[in-house]
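To start, the structure itself, in structure tokens.
Atoms considered below: every heavy atom in the structure, side chains included; atoms not considered: hydrogens, waters and symmetry mates. Numbered from 1 within each chain, the chains take letters A, B, ... in sequence-line order.
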Amino acid sequence: MSERYNIKETESKWRKRWNDDDAFAVTEDESKPKYYVLEMFPYPSGRIHVGHVRNYTLGDVVARYKKAKGFNVLHPMGWDAFGLPAENAAIERGEHPKKWTHENIASMREQLKSMGLSIDWSREFATCDPEYYAHEQRMFLKFLDKGIAYRKESIVNWDPVDNTVLANEQVIDGCGWRTGAPVERRKLNQWSLKITDYAEELLGDLKDLDRWPEKVRIMQENWIGKSVGLQFKWNIVENDQQVEVYTTRPDTLFGASFLALAPDHPMTKQLCEGKDGFDDFIAECQAHGTSEAAIEKAEKIGFDTGFTATHPLLGRDVPVYIANFILMDYGTGAIFGVPAHDQRDWDFATKYGLDIRTVIQETELASSPCAAPKEGAYTGDGDLVNSQWLDGLSIEDAKADVIKRCEADGSGFGTTQYRLRDWGVSRQRYWGCPIPVVYRNSDGACIAVPDDQLPVELPEDISFDKPGNPLDNHPTWKHTTCPETGEPATRETDTFDTFFESSWYQFRYCDAQNENLPVDKDKAAYWMPAGGGVDQYIGGVEHAVLHLLYARFFTKAMRDCGFVDCKEPFSGLFTQGMVTHETYKDENDKWIFPTDAVKKDGDWVHAETGGKVTIGPSIKMSKSKKNVIDPEEILGTYGADAARLFILSDSPPERDLEWTESGIDGAWRFVNKVYGALSTMDLKDGDESALSDKAKDLRRLTHKSIKGVGEAIEAFAMNKAVAFLREFYNGFTAFKPSDAGDHFALKEAVESFIVMINPVMPHLAEELWALSGHETTLIDQEWPKFDESLLVADTFTIGVQVNGKVRASITLPADADQKMAQDIALAEEKVQRAMDGKALRKFIYVPGRIVNVVVG
RNA sequence: GCGGCCGUGGCGGAAUUGGUAGACGCGCAAGACUAAGGAUCUUGUGAGGUAACACUCGUGGAGGUUCAAAUCCUCUCGGCCGCACCA
């Protein structure tokens, strides 16, 4: 074999060439269809991790493929640069967040570049640059004008570790999404965005996102949590007050047997104060706080207030309870209980001996006498019974009737509820975008900072010595004057949630240098037209209801404020799986790095101590478990192409990928093998007019591969694309040309192969392309086209089944008809044997697929 | 509890959407070249069975539909993810 492939030298040579040529810079070009590929931009932590490698490799394959298919491809990169790690670094190491962030960006940029990504780096930006967040401040003020942004005192989620407010989406199981600390409830003045005004549109447009994973759409749908129902009043008999109740099942009103209020309902205290056992009850409710939500079926407990409420339609009175399973956050914080048709109410009623009245009967059973259900609530479909004038109506009709009646007598109204809450965007932190308002000291009036004073920049001379928000502690920054009156005023010292930045960055790439606007409308219209946004967005599923929901909302808000025409930011979404690795523990049960575990005489031992090592399951890479692989080492040792190949091989991109040493070795071997075989191959121009059967077979493989690889990439089945490429390689390298026709077929195969490995292994592809005599790079090389007519052979081999079992295979001419297939199949000895002398009953022939001989 | 995804060789995974199950890779085995091989090349590799064929079994399990089922239907077991008392 030839000389070894010099990975380092060759790869950096081509990267330099691309860089010198400005190979991936794009501008709007109306003559070509556009394609916008975007991966979720990284937080500049300082080093890339394997998840980034997977993410950006996937995007790069799509970008390079689409470019070869003739699209004008936008593939940008930037930095999600605001956030707490920078402040923590400042506190721990005394380094300024700005410096820390920019240093990290510089080193991560080099790491990403060493992957050989086809990025248009001229569009790069960091969200912490005033040039970026200036636009954010302008948009916010426009939102304020439009009533999309507002400020009010509300109860918020407070993360006691990060010392800041969190949005609802950022609280997972009652704990902060970053810190894992149980959140506290605090009452604060804070800025919010009216995402709830967009609930209906956000929900409705999910239908159109047909290139999104079903899973993400369902998660968003559930998060928005729309429900339609009735809100109406019940009278408390003893004090003549009224309680507002919300229900999605007004049809079951005749089945009501109690009323229940949330423990923190405003009326609860008033009804129960001083009653025996009430304090104990409240204490017990609190004992089962949200943090224990995981505990199965927290028992339903109630407190009988002794009051009764009048059933609005029936005139009958029902008892009023306080119950632990009623949430103040949802609806009105009060319900009427229908034990027969709600399992929770059933449990409650059974425990406290309340009536259970069946009012819905399964349709088929409607005529038979009904009894209270024995084993729980019936929540299925059916018709109304025991409900006077509603009897016999369907559930839907009964709902409509009850709502109409309540609206007529003024006791209530039909209404829609959402689980979604407005997005609180104030954060009491330094390293974020300042909120551009001031408060006049004299009267507290909130005044927008005028346009000519924007951006409100972060001060750089800050101190982290004191706890709390450095902006608040800064000696002078917040003291300013009112732009309207010139009176003393105080700046808002809160900054925006960092999800604010990532909500619109996809637009900024379309026009990253614009000083006057977030994005020029025409440029945005080219890359992100009204009918569709980013063509392919790629990232982790963990943002299903965070970033991905905020960005959708933000896009619609920007549209309503006239910044863009686009209504959905990401028309295509792909969520990749995690990268996992085996875990290793030493004899003291401590995690150790994979590199410290070596195999010796069939056993795993510690490389240094020699102690016994146990291997644990392959799980998500994490620093604490030490099962991490540093991409920089991989890229340095094996090169970018091998790393890219491995990360695309084997596992479908949506599933978890197990990183293995043998896997990356295998990819590296393939890179070398391909180089060795193709760099020494003597390709001759051939003659298409005289093709042997052998040459025809090779052409069929070539065109089958072109079709297969293309379809696999389009379907995001990168593992299959790689398999097709390897199969193709195995085929044409086994081919020994002997005449001019053979040379034609071989050259076609090899050149197609080189172009097709380019999205996966761009450096190797360029090197081989150059070695085979081409002057130009592969940047503008068109994807090979396949000829459908070459995919079919003159003859084909198919299986022959006898009574459904494969017994033989036969070769038929391409145009064989049923009779011919039958003659040839029945002539086959194995078929005869399997038929065992039995009579032919039926003969099935599916051309190109199968033959089935049915006997009996 | 509700919703979603998924069960195929020793392993990761293919299977043109109902048509020769196990493509491609990893691993393993044998051989070749070697001073050496953890390099490279060739061959083999679902299980049982055979000298080799034949044959039998085989896609978590049990039924069913069909000429034909990994694929469709019913039931069932197991794993993963999301939401979680949302009225």
Side-chain angles (χ1 to χ4, degrees), chain A residues 1 4 172-173 213-219 221-223 225-227 229-230 245-249 252 260 262 288 290 293-294 296-300 323-327 329-338 342-345 347-348 417-419 541-542 544-545 599 618 645-646 649-652 654-658 660-667 669-670 672-673 676 704 707-708 711 717 719-730 797-810 830 833-834 841-856:
Chain A
M1 181 164 297
R4 231 174 157 67
I172 316 287
D173 279 342
E214 180 77 15
K215 176 191 167 110
V216 176
R217 287 188 295 180
I218 289 170
M219 282 167 76
E221 191 179 320
N222 291 341
W223 188 262
K226 177 179 179 174
S227 73
L230 167 69
V245 167
Y246 173 73
T247 179
T248 58
R249 293 297 301 274
T252 61
H288 297 279
T290 46
E296 288 121 76
K297 296 205 173 185
E299 207 191 336
K300 290 178 180 43
N324 66 334
F325 65 98
I326 309 304
L327 306 174
D329 292 344
Y330 190 81
T332 59
I335 61 132
F336 68 84
V338 185
D342 182 290
Q343 191 56 46
R344 291 159 305 176
D345 298 347
D347 295 343
F348 192 78
Q417 292 273 340
Y418 297 93
R419 211 182 77 117
V541 74
E542 66 273 16
V545 287
K599 204 168 188 180
S618 192
L645 175 65
F646 170 60
S649 304
D650 297 350
S651 289
E654 67 276 15
R655 287 201 217 164
D656 287 354
L657 165 75
E658 185 180 356
T660 61
E661 318 313 312
S662 56
I664 181 72
D665 271 346
R669 279 205 298 273
F670 187 67
N672 282 287
K673 204 162 67 166
K704 203 185 101 190
K707 185 169 191 265
E711 285 176 355
N719 56 324
K720 283 200 264 174
V722 170
F724 271 115
L725 287 170
R726 298 186 92 125
E727 200 174 0
F728 184 27
Y729 172 86
N730 293 342
T797 302
I798 59 172
V800 182
Q801 298 180 331
V802 177
N803 282 352
K805 289 195 173 192
V806 179
R807 297 295 177 177
S809 66
I810 55 172
K830 286 178 177 173
R833 191 167 359 138
R841 237 207 264 148
K842 199 170 172 186
F843 185 84
I844 290 155
Y845 171 50
V846 185
R849 295 269 190 270
I850 199 83
V851 162
N852 196 0
V853 180
V854 186
V855 296

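Note that CD1 of A:Ile810 and OG1 of A:Thr797 are 9.0 Å apart. Values are rounded to the nearest 0.5 Å. The structure places CD of A:Glu711 at 7.5 Å from CZ of A:Phe724, a figure rounded to the nearest 0.5 Å. Rounding to the nearest 0.5 Å places CG of A:Asn730 at 6.0 Å from NZ of A:Lys673. How far CZ of A:Arg849 is from CD1 of A:Ile844: 15.5 Å, rounded to the nearest 0.5 Å. Atom CD in A:Gln343 sits 8.5 Å away from atom NZ in A:Lys300 (nearest 0.5 Å).
Comparing B:rC86 with B:rC81, their P atoms are spaced 23 Å from each other, to the whole Å. Of the P atoms belonging to B:rA23 and B:rU45, the separation is 10 Å, rounded to the nearest Å. Taking the P atom of each, B:rG79 and B:rU74 are spaced 23 Å apart, rounded to whole Å. Comparing the same atom, P, in B:rG10 and in B:rG46 gives a spacing of 10 Å after rounding to whole Å. When the P atom is used for both B:rC67 and B:rA30, the distance is 49 Å, rounded to whole Å. B:rA62 and B:rU8 are spaced 16 Å apart, taking the P atom of each and rounding to whole Å. The P atoms of B:rC11 and B:rG60 are separated by 13 Å, rounded to the nearest whole Å. With both ends at atom P, the span from B:rG12 to B:rG27 equals 15 Å, rounded to whole Å.
Under the 3.5 Å distance criterion, the side-chain polar atoms of A:Asn852 are matched with a main-chain donor or acceptor of A:Gly804.
For the pair A:Lys226 and A:Tyr418, the NZ or CZ position fails the cation-pi test of under 6.0 Å to the six-membered ring centre and within 45 degrees of the ring normal. For the pair A:Arg419 and A:Tyr330, the cation does not sit on the ring face, since its NZ or CZ is not both under 6.0 Å from the ring centre and inside 45° of the axis.
Atom NZ in A:Lys673 sits roughly 7 Å away from atom P in B:rU42 (whole-Å rounding). Here the C1' atom of nucleotide B:rC11 and the CG atom of A:Asp650 are 10 Å apart, to the nearest Å. Rounded to a whole Å, the OH atom of A:Tyr418 is 14 Å from the P atom of B:rA87. Look at CD on A:Glu727: it is 10 Å from P on B:rA23, rounded to the nearest Å. Rounded to an integer number of Å, the gap from A:Arg344 CZ to B:rC86 C1' is 7 Å. Taking atom CZ of residue A:Phe348 and atom C1' of nucleotide B:rG1, one finds them 19 Å apart after rounding to whole Å. To the nearest angstrom, P of B:rC81 lies 20 Å from CD of A:Glu214. Rounding to whole angstrom units, CD of residue A:Glu661 and P of B:rG27 are separated by 12 Å.
A:Val338 places none of its side-chain heavy atoms less than 4.5 Å from the side chain of A:Arg249. When side chains are defined from C-beta on, A:Asn324 does not count as touching A:Phe348, because their heavy atoms never get closer than 4.5 Å.
Every side-chain contact (heavy atoms from CB on, under 4.5 Å) that A:Pro213 has, sequence neighbours left out, goes to A:Val216, A:Leu573, A:Thr575.
Just one residue in the list A:Asp342, A:Asp345, A:Leu327 forms a side chain to side chain contact (heavy atoms under 4.5 Å, CB included) with A:Ile335, and that residue is A:Asp345.
Here A:Ser649 lies out of heavy-atom contact (under 4.0 Å) with every strand. Among the protein residues, A:Asn730 comes within range of the sugar-phosphate backbone only, with heavy atoms under 4.0 Å from sugar or phosphate atoms but none that close to a base. Residue A:Ile218 is in sugar-phosphate contact alone, with no base atom involved, counting any heavy-atom pair closer than 4.0 Å across all strands shown. Residue A:Leu725 is classed as having no contact, given no heavy-atom separation below 4.0 Å to the nucleic acid.
Look at B:rU71: it lacks any Watson-Crick or wobble partner with both distances under 3.5 angstrom. Here B:rG46 sits opposite B:rC57 as a Watson-Crick or G-U wobble pair (both hydrogen-bonding atom distances under 3.5 Å). Base-pair partner of B:rC24: B:rG12 (Watson-Crick or G-U wobble, both distances under 3.5 Å). Nucleotide B:rG82 has B:rC2 as its partner under the Watson-Crick or G-U criteria, with both atom distances under 3.5 Å. B:rU65 is unpaired under the criterion used here, namely a Watson-Crick or G-U wobble arrangement in which both key atom distances are under 3.5 Å. Pair assignment for B:rA32 gives B:rU40, based on Watson-Crick or G-U wobble hydrogen-bonding distances that are each under 3.5 Å.
Note on A:Arg669: a side-chain N or O is less than 4.0 Å away from OP1 or OP2 of B:rG27. Taking side-chain N and O atoms only, A:Arg419 has no distance below 4.0 Å to OP1 or OP2 of B:rC83. Put simply, A:Tyr330 has a side-chain N or O that comes within less than 4.0 Å of OP1 or OP2 on B:rA87. Contact annotation: A:Arg655 side-chain N/O to B:rG13 OP1/OP2 distance is under 4.0 Å. Taking side-chain N and O atoms only, A:Asn719 has a distance below 4.0 Å to OP1 or OP2 of B:rA14.
For B:rU17, the O4'-C1' to base torsion is within 90° of 0; the nucleotide is therefore syn. Annotated as syn: B:rG9, whose O4'-C1'-N torsion sits within 90° of 0.
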Practice item. For nucleotides 15-20 of chain B, just jot down a letter per nucleotide in 5' to 3' order: B, S or -, based on protein non-hydrogen atoms under 4.0 Å. Key: SB--BB
**Study point:** Heavy-atom protein contacts under 4.0 Å, nucleotides 44-57 of chain B, coded B base, S sugar-phosphate only, - none
**Key:** ----------SSSS
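A residue-by-residue look at A:Leu657 and A:Lys842 shows that A:Leu657 has its nearest nucleotide of RNA chain B further toward the 5' end. Ranked by how close their nearest RNA chain B nucleotide is to the 5' end, A:Tyr729 and A:Asp665 are led by A:Asp665.
At a cut-off of 3.5 angstrom, counting only N and O atoms as typed in the model, there is no donor on one side facing an acceptor on the other between the side-chain of A:Lys215 and the base of B:rC81.
Among the nucleotides B:rC85, B:rG82, B:rC24, the one closest to the side chain of A:Met219 is B:rG82.
Between the side chains of A:Tyr246 and A:Ser227, at least one donor N or O lies within less than 3.5 Å of an accepting N or O.
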